[in-house]
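Structure record follows, encoded as structure tokens.
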Number of protein chains: 2
Amino acid sequence: MNDAVRPALSAPSIDAAADLPPGRLDTRFLESLIGYNARRAALTMIGHALQRLAPYGLRVVDFSVLTVIAHNPGVTSRQVCAALDILPPNLVGLLRGLEQRGWVEKREHPTDRRAQGLYVTPAGAEVQARAQADIAAVEHGPLTHLDADERTTLIRLLRKVYQGPQA
Amino acid sequence: MNDAVRPALSAPSIDAAADLPPGRLDTRFLESLIGYNARRAALTMIGHALQRLAPYGLRVVDFSVLTVIAHNPGVTSRQVCAALDILPPNLVGLLRGLEQRGWVEKREHPTDRRAQGLYVTPAGAEVQARAQADIAAVEHGPLTHLDADERTTLIRLLRKVYQGPQA
DNA sequence: TATTGTTATACTCTATAACTATA
DNA sequence: TATAGTTATAGAGTATAACAATA
């Protein structure tokens, strides 16, 4: 997000949409698109999450990785990559950061000596649980501007978009 | 609904989520979030748009800029930046590309000699109109997995998320 | 021969500082 | 003093190629 979102003083648009408030541009086509609106809503909600995670020194991607490991003890790097759509080379640095803070540790995999099992430490589990509670609070809080039914409907429709009708 | 949050296990049990299909990870918390689902839906729809725009040599951001200019003749750079949340230095290259292809041109601003009015050329208007039709086709086509009512509801709820209840 | 984790690296996208010419 | 457009550049995010160890 950036701050360059101040409407300009005058609207030099000559003949654009006459039924729009003066000073505002006609962006109605873009605003009619699912992708455009979904992206803006995602950026808004991710911005809220960002603020809630900042006290823990976590970015959204760090929290996602930490959460997947916390909920799937012994998971491998490749599995985390597949679940979160992260490329393996880019996960290395993320894991290194979580390891250095003592929140994640690698142990040898029980059956495959190439792989490593990922686990959260007690400290990591604590941080993840608190962060998850904070994220859940903002998700169900007034910042979403949605009641419970609307949230349910919204998520159902979004899943339909990216998973198909069978979702 | 499904607000029950998974307990954070730190014990090294391999199969954490016994009620999940084997081989799949537990990502249920992330999947309960508006931001996560909105981002995935946005990436899906933007991917579709990407494919439709490729024949014109347009990326999504190029199409967005071209569309705003086409629908708002004489608009200034700063207004485009504000409308699309693009930082002014990053718009320069985008406009240069559209100018070099003969789709956009700058004229002097009628009242402010610092500014420039942006206009689409006839060729630019043609490309924009065709691209917009293609985008609209995929938007209302079977790839969205939504009927008209669902699309309307989805967009209304997404706007509520990022614009507030008054939207 | 294929896969896991890794390094190095390139490419893209986004953000900041600073300049010029106008207002 | 503030704003429009621009340059240069820094930083984050994302992508590909290739390697050693293991399957």
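Computed over heavy atoms, backbone and side chain alike; hydrogens, waters and symmetry mates excluded. Note that this is a predicted model, so its numbers are computed, not measured. Chain letters run A, B, ... following the sequence lines, proteins first and then strands; every chain starts at 1.
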Quick one: which of dT22(C), dT16(D), dA2(C) gets closest to the side chain of R114(B)?
dT22(C)

Shortest side-chain distance from A115(A), nucleotide among dT22(C), dG5(C), dG5(D)
dG5(C)

Verify, without hydrogens or angle tests, whether T27(B) (side chain) and L30(B) (backbone) share a donor-acceptor contact under 3.5 angstrom.
no

Would the base of dA15(C) count as contacting N90(B) through its side chain, where contact means a donor and an acceptor less than 3.5 Å apart?
yes

With a 3.5 Å cut-off and just heavy-atom distances, do the side chain of R113(B) and the base of dT22(C) make a donor-acceptor pair?
no

Distance check needed: [N] [atom2] versus [X] [atom1], whole Å only.
{"X": "L95(B)", "N": "dG5(D)", "atom1": "CG", "atom2": "P", "result": "9 Å"}
{"X": "L50(A)", "N": "dA12(D)", "atom1": "CG", "atom2": "C1'", "result": "13 Å"}
{"X": "L84(A)", "N": "dT14(D)", "atom1": "CG", "atom2": "P", "result": "12 Å"}
{"X": "K106(B)", "N": "dA4(D)", "atom1": "NZ", "atom2": "C1'", "result": "11 Å"}
{"X": "L91(A)", "N": "dT6(C)", "atom1": "CG", "atom2": "P", "result": "8 Å"}
{"X": "R96(B)", "N": "dG5(D)", "atom1": "CZ", "atom2": "P", "result": "14 Å"}
{"X": "E99(A)", "N": "dG5(C)", "atom1": "CD", "atom2": "P", "result": "12 Å"}
{"X": "D112(B)", "N": "dG5(D)", "atom1": "CG", "atom2": "C1'", "result": "11 Å"}

Please state whether the phosphate of dT6(C), meaning OP1 or OP2, lies under 4.0 angstrom from any side-chain nitrogen or oxygen of R78(A).
no

Counting only side-chain nitrogens and oxygens, does Q116(A) get under 4.0 Å of the OP1 or OP2 atom of dT6(C)?
yes

Side chain to side chain donor-acceptor pair (under 3.5 Å) assessment of E105(B) paired with T121(B):
CA-CA 7 Å; E105(B) 62 182 21; T121(B) 63; over 6 Å; no

Nearest-nucleotide comparison on DNA chain D, the residue closer to the 5′ end among P89(A) and R59(A)
R59(A)

For D147(A), I'd like to know if atom CG has over 12 heavy atoms of other residues, nucleotides or ligands within 6.0 Å.
yes

Is the closest basic N to carboxylate O distance between E108(A) and R113(A) below 4.0 Å?
no

If you round to the nearest 0.5 Å, how far is NE2 of H145(B) from OH of Y162(A)?
13.0 Å

